[in-house]
A.B. asks: 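Here it is: the structure, laid out below.
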Amino acid sequence: MANIASNLKGFFKRNPLGGASLIVVIFLLTVGITSDLLVGDGKNGDITFTGWSETQGDYTYMSGPPNGDHWFGTDQTGRDIFSRIIMGTKRSLIVAIVSVAAGTSVGAALGIIGAYLGGKTDLIIQRLLEILQSFPDLILALLMLAAFKANLWTVVFAISITRIPLSGRVMRSAALTISQMDYVLAARATGASSLRIMFRHVAPQCFAPYMVLATAHLGVAILIEASLGFLGAGVPAPAATWGNMLALANAGSFKPLWWFVTFPGVSITVTVLAFNLLGDALRDEMDPRLRGRGL
Amino acid sequence: MTKYLLRRLLYSVPTVISITIIIFLAMRVIPGDPLTSFYGPGEVSALTEKQRANIINELGLDDPLYVQYFRWIGGVLSGDLGKSFFRTMTVGEMLAHRAPTSIEIAILATILSWIIAIPVGLTSALYKNSIMDHLSRFATIFFLAVPNFWLGMLVVVFSVLVFRYHPPSWTIQLWEDPLQNLSIIWRPSVIIALGAAAPLARMLRATVLEVMSEDYIRTARAKGLDQGTVVSRHAIRNAMIPTITYSGVIFGFLLGGSIAVESAMGIRGLGSLLVSAIAERDTLMAQNLILIYGIIWTFINLFIDVTYAIFDPRIRFE
């Protein structure tokens, strides 16, 4: 425990911007995890933080600017934008974290298998990744969501597919170097199976690039999720996401009210910024050669 | 080199074939009755069994999947992209109408992204840790995080409120009225260029820093060359290779990435056409559009690999 604390202290000192982004990320995660407690109209007698649910409108105050009761104002049907932003935080984080974890892991597994086994297996895996890479991310996700009815988990699935190719390529090149190390040869000499070597000896050594890649992907995943929501292909209404809130603001007219547009956009920007900065800091920490290069 | 190029070209054949199969299957498992979106839920229930069968037959939807697939591919190969489900125009006509705007935006945005990224990236690298460096690094990190469609919305709102400018609600081609056309496309182009310039500047900074620490730069300095000559004659040349290559990625990304910006800013390009085609279940339109994106993207990947192979002989013999 003391070790972690001193490591963290060192991290904050070396990389104050990374430290700040870590605090923002922890704050966002807290909001996301507690969102169901924060948001609600308290009809069941439970006391909530916002006092409004994400779907029930306040008909006495429609399209209203921010005030003491509705901190971020209300939308066209009187729904509390602050509550909807909080629920959007939860959905964005679920989509980003689950899809990146799944996509990066599948890509990593394919990359490691290809690198270690080589030959035909590698060739087939490479072509497979190339096929997935033949679509721009957003279009691949749109295609997947055209095929499957959009809900939280199909959105997760669609975005995770787009995360596979890059991760597969990066992890393959990392695993190629590791597969040629003497200790892997030694493992083979002791009669360990290919499967065992790949996942007990090669994979753990790929952890650093895996983590760096995953954090860098989180920001991208949030942007894709927001774009999908904006284009009407994401998690369907009435559930609020930052993307579909912006779509709603845009659908109204050419002159959306400023609180419709500002809060979801700022939420997306701050979240992606925090994840990207954290990813940069993490890379600097894990690869000391890059330190100070500020790539 | 020819051998490498041929091998790469050969590899892209199965890739393109697989793309067509993926697109075809994805568009066939779309939930919902195609006739519902065609006629509307009210009228579709009024159709008799026989009428239904006739329409399905007319659209060719009752043929086995592989027949439909080969009919589509055969049509594409002979240049016939088929008819839109809803619009009177054929898919080909729709494309000819919509594509110029998107392509113009992509080209203009790519050029603008160079104009922004090259000075920013160079200044950042050559004056490392200066105020300029910190500012430009902050700007690049910021523009990587801002969703471009949101920026697009803000610009639209701002233009309406301040300049009382409303984008015209019809397409104006470059050859019809160049000035009007430019007045439509410059806003989305700038917004997309800002987003595209951010990774470009970041990458340029990193490569210039890397090149500047190479031995041959030290040699150039040891010969007594001044900083300006070292940078312009020795450093930039090598640092530009990945930058130019990366522009290929950006161009492809622009074609895909402009979808949301087009929708946000009311631009009638390929992106907004694709979104409405998918929403309206206009299968043939959607699948041809995605195919075009897929083919362009495949060739951009090919172009990047080949450029790398030209500059780095080791790749050719891997």
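A, B, ... follow the sequence lines: proteins, then strands. Residue 1 opens every chain.
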A.B. asks: Is there a donor-acceptor pair under 3.5 Å between the side chain of W150(B) and the backbone N or O of V261(A)?
C.D. replies: yes
A.B. asks: Under the salt bridge (charged side-chain N to carboxylate O under 4.0 Å, His left out) definition, can you give me all pairs with a residue in residues 8-22 of chain B, not counting sequence neighbours?
C.D. replies: R8(B)-D305(B)
A.B. asks: Are R202(B) and D280(A) ion-paired here, with the side-chain N under 4.0 Å from a carboxylate O?
C.D. replies: yes
A.B. asks: Looking at P147(B), S12(B), S263(B), which has the largest count of heavy-atom pairs under 4.5 Å with chain A?
C.D. replies: P147(B)
A.B. asks: Within a reach of under 6.0 Å around CG of L65(B), are more than 12 heavy atoms found that belong to other residues, nucleotides or ligands?
C.D. replies: yes
A.B. asks: Over all heavy atoms of both residues, which pair between A147(A) and A26(B) is shortest? Give the atoms and the distance, please.
C.D. replies: CB-O, 3.4 Å
A.B. asks: Taking atom OG1 of T269(A) and atom CZ of F143(B), what is their separation to the nearest 0.5 Å?
C.D. replies: 10.5 Å
A.B. asks: Flag the pair F138(B) / L17(A) as yes when at least one side-chain heavy-atom distance between them is below 4.5 Å, and no otherwise.
C.D. replies: no
A.B. asks: Just how far is it from atom CD1 of I22(B) to atom CE of M144(A), taken to the nearest 0.5 Å?
C.D. replies: 6.5 Å
A.B. asks: Between G294(B), A125(B), A286(B), which shows the greatest number of heavy-atom pairs under 4.5 Å with chain A?
C.D. replies: G294(B)
A.B. asks: Quick one: what part of I224(A) sits under 4.5 Å from any heavy atom of chain B, side chain, backbone, both or neither?
C.D. replies: neither
A.B. asks: What part of V266(A) is in contact with chain B, defined as an atom under 4.5 angstrom from a non-hydrogen atom: side chain, backbone, both or neither?
C.D. replies: both
A.B. asks: Tell me, for L274(B) versus chain A, whether the close heavy atoms (under 4.5 Å) come from the side chain, the backbone, both or neither.
C.D. replies: side chain
A.B. asks: With chain B, which of L246(A), T262(A), I222(A) has the greatest number of heavy-atom pairs at distances under 4.5 Å?
C.D. replies: L246(A)
A.B. asks: Do the non-hydrogen side-chain atoms of I259(B) and S227(A) ever get within less than 4.5 Å of each other?
C.D. replies: no
A.B. asks: Any side-chain heavy atom of I278(B) sitting closer than 4.5 Å to one from L231(A)?
C.D. replies: no
A.B. asks: List in chain and number order the residues that pass ring pair (Phe, Tyr, Trp, His ring centres under 6.0 Å) with F135(A), two or more places apart in sequence or in another chain; answer none if no residue qualifies.
C.D. replies: none
A.B. asks: Go through the atoms of F142(B) and report whether side chain, backbone, both or neither lie under 4.5 Å from a heavy atom of chain A.
C.D. replies: both
A.B. asks: Side chain, backbone, both or neither: which part of L277(A) has an atom under 4.5 Å from a heavy atom of chain B?
C.D. replies: side chain
A.B. asks: Minimum heavy-atom separation for A145(B) to V272(A), with atom names?
C.D. replies: CA-CG1, 3.6 Å
A.B. asks: Taking all non-hydrogen atoms of both residues into account, name the closest pair between T298(B) and S134(A) and its distance.
C.D. replies: OG1-CB, 3.5 Å
A.B. asks: Can you tell me which portion of F149(B) sits under 4.5 Å from chain A's heavy atoms? Options are side chain, backbone, both or neither.
C.D. replies: side chain
A.B. asks: Hey, what do you get for CG (L128(A)) to OG1 (T15(B)), rounding to the nearest 0.5 Å?
C.D. replies: 10.0 Å
A.B. asks: Check M153(B) against F230(A) and note the closest heavy-atom contact, atom names and distance.
C.D. replies: SD-CE1, 3.7 Å
A.B. asks: Grab the two heavy atoms, one from L143(A) and one from I290(B), that are nearest each other, plus how far apart they are.
C.D. replies: CD1-CD1, 3.4 Å
A.B. asks: Sort V146(B) into side chain, backbone, both or neither according to what part of it lies under 4.5 angstrom from a heavy atom of chain A.
C.D. replies: both
